[in-house]
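Predicted, not measured: the structure shown is a model, and the values here were computed from it. One is the number of the first residue; the rest follow in order along the sequence.
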Amino acid sequence: MPQEVRGVVVLAKNEPVRVETIVIPDPGPGEAVVKIQACGVCHTDLHYKQGAITDDFPFLLGHEAAGVVESVGEGVTEVAPGDFVILNWRAVCGHCRACRRGEPQYCFDTHNAKQKMTLASTGQELTPALGIGAFAEKTLVAAGQCTKVDSAASPAVAGLLGCGMMAGIGAAINTGNVGRGDSVAVIGCGGVGDAAIAGAHLAGATKIIAVDLDDRKLEKARALGATDTVNSSTTDPVEAIRELTGGHGADVVIDAVGRPETYQQAFYARDLAGTLVLVGVPTPGMTLELPLLDVFSRGGSLKSSWYGDALPSRDFPALIDLHLQGRLPLDEFVTETIQMDEVEKAFERMKEGDVLRSVVVL
């Protein structure tokens, strides 16, 4: 039988979010209903609210989530009722050209639940954020969006791997291939940038340079593994990174902002043959201009990191295990825990730069 639960929705562009009763259908073939235990408040949710991603209102917000599988539909073998899972927004298809060549982390045909959740009051179909919609007591997803992990992990911590933390850690480890003894610079020390710092530290980088405009963020970055910090409001970050790396530049520079000016800084802050990783998401209309001779003569790799080039079935369990071993401080990213009706206030604190993550705990 369909269920009625509470969820956080936004009905129109830039309207305040509100808690509404929503209808969750029984899972169909390949689908699962998950009882949400915790969900992080991510910038992507704010972008949905602002209409910056799509205009398919109303949205059911929330996507950095962990919870317990309640029921599954026909043909589901990946998970079973009672499994503790992290939700992901890249359920791989297994059939596209990326999957067939053994690179499912680049799947070009990821999928979501086919059925729609609806507003109880009007019957209107909801668009779930990133195909998840987890600011809710329960949600309906494709079973492939559920990754089973060790239930000893706190849901408030585990859920963060569903988006921002995985993007940053993966940008360092998967995309940037950071290794022992490498020098790494990270431009932008929000949640994703700090996760990249933690990932670089985990991978064994010996010089990790954090760059930001805010001294508060730089202090937090140092606590997460940065060996050096640069306030780019007062110091040229390119010159500072070169000075801190013997005049050469860093082996890997990660742009966690996603603006033309930070990309240029990252490009020139690399050592010759170094790697640039773009993980910050640009907005439509941004353009980039670089001298083509510099692109050629500096060599190396210019990469974009999609979701940290993550394969959830591989990466989520491994990172949770590292966290439980005390080697990956995911709990440091949880600034506060809040209730479902406090999401609008959390967006305001996010804009002010006061939090890494607010986490809704149900």
Quiz prompt | Atom CZ of Arg180 with >12 non-hydrogen neighbours under 6.0 angstrom | solution = no
Quiz item: Any side-chain heavy atom of Glu70 sitting closer than 4.5 Å to one from Ile24?
Solution: no
Quiz item: If only atom types and distance count, is the side chain of Arg18 paired as donor or acceptor with the main-chain N or O of Val10 below 3.5 Å?
Solution: no
Quiz item: Can you name the nearest heavy-atom pair linking Gly131 to Val141, along with the distance?
Solution: O-CG1, 4.1 Å
Quiz item: CD of Glu352: more than 12 outside heavy atoms within 6.0 angstrom?
Solution: yes
Name each donor-acceptor pair under 3.5 Å that joins a side chain in residues 355-362 to protein atoms two or more places apart or in another chain, with its distance.
residue: Arg357; atom: NE; partner: Glu64; partner atom: OE1; Å: 2.9
residue: Arg357; atom: NE; partner: Glu64; partner atom: OE2; Å: 3.4
residue: Arg357; atom: NH2; partner: Glu64; partner atom: OE2; Å: 3.0
residue: Ser358; atom: OG; partner: Glu336; partner atom: OE2; Å: 2.6

Practice problem: Decide yes or no for Phe135 and Val17: does some side-chain heavy atom of the first lie under 4.5 Å from some side-chain heavy atom of the second? | Solution: no
Quiz item: Please, which pairs that meet side-chain hydrogen bond (donor to acceptor under 3.5 Å, both in side chains) have at least one residue in residues 268-279, sequence neighbours excluded?
Solution: Tyr268-Asp294
Exercise. Mark yes or no for whether Asp228, through its side chain, and Ile209, through its backbone, hold a donor-acceptor pair below 3.5 Å.
Key: no
Practice problem: May I ask you to check whether over 12 heavy atoms, not counting those of Arg259, lie within 6.0 Å of atom CZ? | Solution: no
Quiz item: Can Arg242 and Glu239 be counted as an ion pair, charged N to O under 4.0 angstrom?
Solution: yes
Practice problem: Answer yes or no: are there more than 12 heavy-atom neighbours, outside Glu289 itself, under 6.0 Å from its atom CD? | Solution: no
Practice problem: Check whether any side-chain N or O of Lys114 sits under 3.5 Å from a backbone N or O of Pro29 as a donor-acceptor pair, and report yes or no. | Solution: no
Quiz prompt | Gln124 backbone acceptor or donor facing Thr122 side chain under 3.5 Å | solution = yes
Quiz item: Is any side-chain heavy atom of Leu11 closer than 4.5 Å to a side-chain heavy atom of Leu119?
Solution: yes
Quiz item: Is a side-chain donor or acceptor of Thr139 paired with a backbone partner of Ala134 at a separation under 3.5 angstrom?
Solution: no
Quiz prompt | Flag side-chain contact, heavy atom, 4.5 Å: Asp315 against Ile173 | solution = no
Quiz item: Under 4.5 Å between any side-chain heavy atoms of Leu87 and Cys146, yes or no?
Solution: yes
Residues 182-205, side-chain donor-acceptor partners within the protein, below 3.5 Å, at least two apart:
residue: Asp182; atom: OD2; partner: Gly179; partner atom: N; Å: 2.8
residue: Ser183; atom: OG; partner: Asp251; partner atom: N; Å: 2.9
residue: Ser183; atom: OG; partner: Asp251; partner atom: OD2; Å: 3.1

Quiz item: Taking everything shown except Phe296 itself, do over 12 heavy atoms lie less than 6.0 Å from its CZ?
Solution: no
Quiz item: Are the side chain of Glu342 and the backbone of Thr337 linked by a donor-acceptor contact shorter than 3.5 Å?
Solution: no
Exercise. Under the side-chain hydrogen bond (donor to acceptor under 3.5 Å, both in side chains) rule, collect the residues that match up with Arg216, sequence neighbours excluded.
Key: Asp214, Asp354
Quiz item: Below 4.5 Å, heavy atoms only, C-beta onward: do Phe84 and Pro155 meet side chain to side chain?
Solution: yes
Quiz prompt | Check ion pair Lys351-Glu348 (N to O, under 4.0 angstrom) | solution = yes
Quiz item: Which one of Arg6, Lys35, Gln3 satisfies the side-chain hydrogen bond (donor to acceptor under 3.5 Å, both in side chains) criterion with Glu137?
Solution: Arg6
Practice problem: With sequence neighbours excluded, tell me which residues meet side-chain hydrogen bond (donor to acceptor under 3.5 Å, both in side chains) with Thr44. | Solution: none
Exercise. Examine distances only and state if a side-chain atom of Asp83 and a backbone atom of Val85 form a donor-acceptor pair shorter than 3.5 Å.
Key: no
Quiz item: Is the backbone of Leu130 close enough, under 3.5 Å, to the side chain of Tyr48 for a donor and an acceptor to pair up by distance?
Solution: yes
Quiz item: Any donor and acceptor pair, going by atom type alone, linking the side chain of Gln265 with main-chain N or O of Pro237 inside 3.5 Å?
Solution: no
Exercise. Name the orientation class of the two ring planes belonging to Tyr307 and Trp89 (parallel below 30°, tilted from 30 to 60°, perpendicular beyond 60°).
Key: parallel
Let me have the donor-acceptor pairs involving side chains of residues 50-61, under 3.5 Å, with sequence neighbours excluded, atom names and distances please.
residue: Thr54; atom: OG1; partner: Asp56; partner atom: N; Å: 3.4
residue: Thr54; atom: OG1; partner: Asp56; partner atom: OD2; Å: 3.1

Quiz item: Under 3.5 Å, is there a donor-acceptor pair between the side chain of Gln37 and the main chain of Val68?
Solution: no
Quiz prompt | Name of the residue among Val230, Asn231, Asp236 meeting side chain to side chain contact (heavy atoms under 4.5 Å, CB included) with Thr234 | solution = Asn231
Self-check item: Over 12 foreign heavy atoms within 6.0 Å of CZ, Arg314
Solution: yes
